[in-house]
Amino acid sequence: MGHIIKSKERGNLVVISGPSGAGKGSIIQEVIKNNDNIWLSVSMTSREIRGQEVDGKEYYFITREEFEEKITHKEMLEYTEYSGNYYGTPRGKINEHLEAGQDVILEIEIEGALNIKKMIPETIFIFIMPPSMQELKKRLEKRKTETEDKIIRRFKRAYQEINEVTKYNYVIVNDELDQAVSKVKAILLAERCRVDRIEEVYIGNEEEILHENLVDNKNIVNLERKI
C-alpha cells in the first residue's frame, strides 16, 4: 500500500547562531556526526588562520581583497564585518545540497542570520544560549587564544546578541552538551514533519477499496440490527 502523502524532498536551510563561547561548534559537530542527510556549510573569512585551523574545514580563508571581489560579484549569500575582518556565507553548493534533499546548516553571526531571514524567511533559526554569563566568561578564558581586550569585547557583544533571541524560532541552553545535541536533532526531525512540506495528498485504489469495504460492512451490521 502506498503512502497517503508526498512530502517535499528539498532539504531545510538551518541557521544556528549564538554568542562566541556558547558551544555552537561542538553541538553542530555532534549533530552531523554519522549523518549523511545534513551538510555543514563552511563560512568564508578574511581573518588569519589560528592555531590548528585548516583551510576549508573551520573556514575558507581568503584575503580581504578577494572577499571584497566576491561581494562585488554577488557570490556571498550574506556577510558581515567584525573586528576588521569579513565573515560570510558563499552561495556555492548550498542550493545543490538542498535540492539533493539534505538539510544545510549555517553557523553564522546574528547579523548575518537576520539578513538571511529577510531573504529566505522559511529558514529554520536556532539560537544557542550559554547557561549563564559567568559560564560564558569561563569558556572564553579557557580558549587561551585571545587577548583580554578581545575577551571583553566578545563578552559585551554577547549581551547585545542575546537580546536578539526573540527573532529566532528556537532557543537551546547549552548546559549539558548531550541534551543540547538531542534538542537540535529533535527540531530537525520535527521540521521534516511540518504540514507545509506536503506536496500532495492522494488516495490510491487500495485505499478506496478499503473504504468501500468498511462502509459496506457497516451497512450490513446496521441492517442486521434492524432485522
**Q** Ignoring hydrogens and geometry, is there a side-chain-to-backbone donor-acceptor pair from K183 to V171 under 3.5 Å?
**A**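 Judged by distance alone, no pair lies under 3.5 Å.
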
**Q** Answer yes if the side chains of R10 and N95 hold a donor-acceptor pair under 3.5 Å, and no otherwise.
**A**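 Yes.
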
**Q** Please answer whether the main-chain N or O of F61 pairs with a side-chain N or O of D55 as donor and acceptor at a distance below 3.5 Å.
**A**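 Yes, D55 side chain to F61 backbone: donor-acceptor pair under 3.5 Å.
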
**Q** Output all residues satisfying ring-ring contact (aromatic ring centres under 6.0 Å, His included) with Y86, sequence neighbours left out; order by chain, then residue number.
**A**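 ring-ring contact (aromatic ring centres under 6.0 Å, His included) check on Y86 returns F67.
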
**Q** Using the side chain to side chain contact (heavy atoms under 4.5 Å, CB included) rule, take L188 and V14 through it: C-alpha gap first, then chi angles, then the decisive distance, then the call.
**A** CA-CA 9 Å; L188 300 185; V14 183; 3.7 Å; yes

**Q** Please check: side-chain N/O of S17 versus main-chain N/O of I108, any donor-acceptor pairing under 3.5 Å?
**A**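 Between the backbone of I108 and the side chain of S17 there is a qualifying donor-acceptor contact (under 3.5 Å).
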
**Q** Salt-bridged, E53 to R50, with N to O below 4.0 Å?
**A**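 Not counted as a salt bridge, because no side-chain N and carboxylate O are separated by less than 4.0 Å.
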
**Q** Before you tell me yes or no, could you show the steps for M76 and R91 under side chain to side chain contact (heavy atoms under 4.5 Å, CB included), namely the whole-Å CA-CA distance, both residues' side-chain angles and the distance that decides it to 0.1 Å?
**A** CA-CA 5 Å; M76 306 303 295; R91 293 181 184 273; over 6 Å; no

**Q** Using salt bridge (Lys or Arg N to Asp or Glu O under 4.0 Å) as the criterion, point out the one residue from E65, E78, E75 that pairs with K70.
**A**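 Of the listed options, the one satisfying the test is E75.
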
**Q** Give me the atom names and distance for the closest heavy-atom approach of G56 to V42.
**A**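 Here G56 and V42 meet closest at O-CG2, 3.8 Å.
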
**Q** Between T123 (side chain only) and I120 (backbone N and O only), is there a donor and an acceptor less than 3.5 Å apart?
**A**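 Yes, T123 side chain to I120 backbone: donor-acceptor pair under 3.5 Å.
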
**Q** Check step by step if side chain to side chain contact (heavy atoms under 4.5 Å, CB included) holds for I162 and M129.
**A** CA-CA 8 Å; I162 288 172; M129 187 88 75; 3.7 Å; yes

**Q** Could you give me the CA-CA distance, side-chain angles and deciding distance for L177 and V181, then say whether side chain to side chain contact (heavy atoms under 4.5 Å, CB included) is met?
**A** CA-CA 6 Å; L177 179 60; V181 170; 4.0 Å; yes

**Q** Verify, without hydrogens or angle tests, whether N174 (side chain) and A22 (backbone) share a donor-acceptor contact under 3.5 angstrom.
**A**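 Indeed, once roles are kept as given, a pair shorter than 3.5 Å links the two residues.
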
**Q** Quick check: closest heavy atoms across F127 and P19, and the distance to 0.1 Å?
**A**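 Closest pair (atom of F127, atom of P19, distance): CZ-CD, 3.8 Å.
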
**Q** Among the clusters formed by ILVMFWY side chains lying less than 4.5 Å apart, do I110 and V173 turn up in the same one?
**A**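 Looking at the clustering, V173 is in the same group as I110.
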
**Q** Can you get from I32 to W39 by hopping between Ile, Leu, Val, Met, Phe, Trp and Tyr side chains that sit under 4.5 Å apart?
**A**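 Unlinked, I32 and W39 end up in two clusters.
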
**Q** Could you tell me whether a side-chain N or O of N169 sits under 3.5 Å from a main-chain N or O of F125, the two making a donor and an acceptor?
**A**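 It does hold such a pair.
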
**Q** Of all the heavy-atom pairs spanning L98 and L13, show the shortest one and how long it is.
**A**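 So the minimum-distance heavy-atom pair works out to CD2-N, 3.9 Å.
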
**Q** Would you confirm whether E66, through its side chain, and T63, through its main-chain N or O, come within 3.5 Å as a donor-acceptor pair?
**A**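 Here the side-chain-to-backbone pair exists.
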
**Q** Any salt bridge between E69 and R64, counting N to O under 4.0 Å?
**A**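 No, no charged N to carboxylate O under 4.0 Å.
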
**Q** Can Y79 and E111 be counted as having a side-chain donor-acceptor contact under 3.5 angstrom?
**A**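 Not at all, the side chains of Y79 and E111 share no donor-acceptor pair under 3.5 Å.
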
**Q** Say whether, by atom type as modelled, one donor and one acceptor occur between the side chain of K185 and the main chain of A180 under 3.5 angstrom.
**A**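 No, K185 side chain to A180 backbone: no donor-acceptor pair under 3.5 Å.
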
**Q** Linking I/L/V/M/F/W/Y whenever their side-chain heavy atoms sit closer than 4.5 Å, directly or via other members, would I124 and V104 fall into one cluster?
**A**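 No, it is not one cluster - the side chains of I124 and V104 are not joined through contacts under 4.5 Å.
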
**Q** Do L106 and M44 share a hydrophobic cluster (ILVMFWY, side-chain heavy atoms under 4.5 Å, transitive)?
**A**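 The answer is no; the residues belong to distinct hydrophobic clusters.
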
**Q** Please answer whether the main-chain N or O of D36 pairs with a side-chain N or O of Q102 as donor and acceptor at a distance below 3.5 Å.
**A**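 Flag set: sc Q102 to bb D36 pair under 3.5 Å.
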
**Q** Under 6.0 Å from the CD atom of E122, do we count more than 12 heavy atoms belonging to anything else shown?
**A**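 Enclosed: over 12 neighbouring heavy atoms sit under 6.0 Å from CD of E122.
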
